[in-house]
There are 2 protein chains.
Amino acid sequence: MLERTDGVVLERAGRKRGETRERLLDLAERAVLEKGFAATSIDELIVAAGITKSGFFYHFRDKGELAKALLTRYLERDEVILDDLFDRAAELHEDPLHRFLIALKLFAEMLADLPGAHPGCLAASYCYQDTLFSQEIRDLNAAGVRAWRARFRGHLAEIAALHPPRIPVDLDVLADMAATLVEGGIMVSRVLRDGAILPKQILAYRDHIRLLFLREH
Amino acid sequence: MLERTDGVVLERAGRKRGETRERLLDLAERAVLEKGFAATSIDELIVAAGITKSGFFYHFRDKGELAKALLTRYLERDEVILDDLFDRAAELHEDPLHRFLIALKLFAEMLADLPGAHPGCLAASYCYQDTLFSQEIRDLNAAGVRAWRARFRGHLAEIAALHPPRIPVDLDVLADMAATLVEGGIMVSRVLRDGAILPKQILAYRDHIRLLFLREH
DNA sequence: CCGAAACTGTACCCGTGGTACAGCGCCGGC
DNA sequence: GCCGGCGCTGTACCACGGGTACAGTTTCGG
């Protein structure tokens, strides 16, 4: 909104454009992952952000718009992290199988290095409260999961073309297994308060890929 | 409470003991899985159950007691289903590996036969709203996940003793993988509105177990 | 110094969780 | 046949949170 027609983006000193909005999103994301969207009150957010209720409704038309902004930002960040991960892996090996195995190792390390455990997945949180949200938000969430499937399926197709699998596999199922283990791993890690579970599950997925496609051993 | 000291349980005709309470639990479970605990109002439950607010608070001291009763009942049913599954599998084969593979097949079939998709896991729902609940409830939830680990680890230990794994594996991780794929599979199935994803993930777990322990092929 | 962005302040409505009782109908036991 | 208690109903009331409405204020860049 502050971007002029010539593309120059205006910024402010004290109250920078989007600064308070981002702070609200940060606070909301943390709270939603802890207790869910319905239990996250606008009141607690504005107190923590140091603004008033009117200030909140200046940034978001209603709570639903906050929900949408939250998920959109989350999914965008997710994409960036995975892009970066697979880009780094691509630099380390030529073969798609080994690239994939390296990426999974990097992913597991990244998850293991998180301070404490993984804070939780917004997509999963929304999933268990989905009738609270508009169809648009549910569709956004579904698109996010489908993006994971497409990404992993792409890598797996490349792998399978060069390394025939030991047993017949459905690449979509194998691709979904990544998202499934991440979502499940976050949940189990959280419930058992053991941050190590999630990265270990990623490495178990890596073992499965190795057993399926790797001829050595 | 209606059980006398001699152990005889009293029942009533119209308003049978526990009947309304069970109805409330059924309604609450469905609602909680759809929109989360915080968004499930006592009011909607009593309207659906055909009682008054006072009636609700006769059965449950507060909403927290409802939450606890809900989870307890859910976890108990869970145990019964899995016990039955592994008992049936045990009747069909002697070898622990084949028993396990049969049980996973039965499990996948059971999940595939559910009308629509899996309605959701209460443990996962609670996990993403955990600061709403008492420590007692969080502990109950953790105990439930640990019970899954112990059950699967027990089977896997028997298997590993007879069938040395192709590569070194941590049996706890492999055991957790079951709960992880179930939780993640329910979530992904739900988000993509495709009930087939969950059973397929169970069969993918079965493939992983086969690749790890089965010598043939 | 103008205008717009980024708020504040006030007032008000409704739904929901929760408390506190008092009362009532029905059924089983004695 | 009546007493007691289970399983409710009815009424009244409170605080808090989401949400609406809208007028006014500060701050800063151009």
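Computed over heavy atoms, backbone and side chain alike; hydrogens, waters and symmetry mates excluded. A, B, ... follow the sequence lines: proteins, then strands. Residue 1 opens every chain.
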Please determine whether a side-chain nitrogen or oxygen atom of [X] lies at a distance below 4.0 Å from atom OP1 or OP2 of [N].
| X | N | value |
| --- | --- | --- |
| B/His59 | D/dC8 | yes |
| B/Tyr58 | D/dG7 | yes |
| B/Ser54 | D/dT11 | no |

- Task: List the steps and the verdict of side chain to side chain contact (heavy atoms under 4.5 Å, CB included) for B/Leu156 and B/Ile209.
- Result: CA-CA 9 Å; B/Leu156 290 167; B/Ile209 300 294; 3.9 Å; yes
- Any residue of residues 28-42 of chain A with a heavy atom less than 4.0 Å from an atom of DNA chain D: A/Thr40, A/Ser41, A/Ile42
- Task: Decide yes or no on salt bridge (charged side-chain N to carboxylate O under 4.0 Å, His left out) for B/Arg210 and B/Asp207, but give the supporting numbers first.
- Result: CA-CA 5 Å; B/Arg210 283 179 63 215; B/Asp207 282 344; 3.7 Å; yes
Between [atom2] on [N] and [atom1] on [X], what's the gap in Å once rounded to a whole number?
| X | N | atom1 | atom2 | answer |
| --- | --- | --- | --- | --- |
| B/Leu66 | C/dG18 | CG | P | 10 Å |
| A/Phe60 | C/dA6 | CZ | P | 12 Å |
| A/Lys63 | C/dT16 | NZ | P | 13 Å |
| A/Phe56 | C/dG9 | CZ | P | 18 Å |
| B/Arg61 | C/dA20 | CZ | P | 13 Å |
| B/Arg23 | D/dG7 | CZ | C1' | 12 Å |
| A/Asp43 | C/dG9 | CG | P | 14 Å |
| B/Glu65 | C/dG17 | CD | C1' | 15 Å |

- Measure from NZ or CZ of B/Arg190 to the centre of the six-membered ring of A/Tyr128, then state whether that distance is under 6.0 Å and the direction lies within 45° of the axis. yes
- Message: Checking side-chain polar atoms at under 3.5 Å, does A/Gln129 have a donor or acceptor matched by the opposite partner on A/Ser125?
- Response: yes
- Query: Regarding B/Trp148 and B/Asp78, is there a side-chain donor-to-acceptor distance under 3.5 Å anywhere?
  - Reply: yes
- Go through the N and O atoms of the side chain of A/Thr52 and the base of C/dG9, and report whether any donor-acceptor pair is under 3.5 Å. no
- Task: Kindly indicate whether the side chain of A/Lys53 and the base of C/dG9 share any N or O donor-acceptor pair separated by less than 3.5 Å?
- Result: no
- Of the candidates D/dT20, C/dG18, D/dG17, the side chain of B/Phe57 sits closest to C/dG18
- Task: Could you check which of D/dG7, D/dT9, C/dC7 has an atom nearest any side-chain atom of B/Ile51?
- Result: D/dT9
- Item | Heavy-atom check, side chain of B/Tyr126 versus side chain of B/Leu132, under 4.5 Å | no
- Message: Measuring only between side-chain heavy atoms, which start at C-beta, is A/Phe86 closer than 4.5 Å to A/Ile102?
- Response: no
- Is B/Gly50 touching bases, backbone alone, or none of the nucleic acid, heavy atoms closer than 4.0 Å? sugar-phosphate
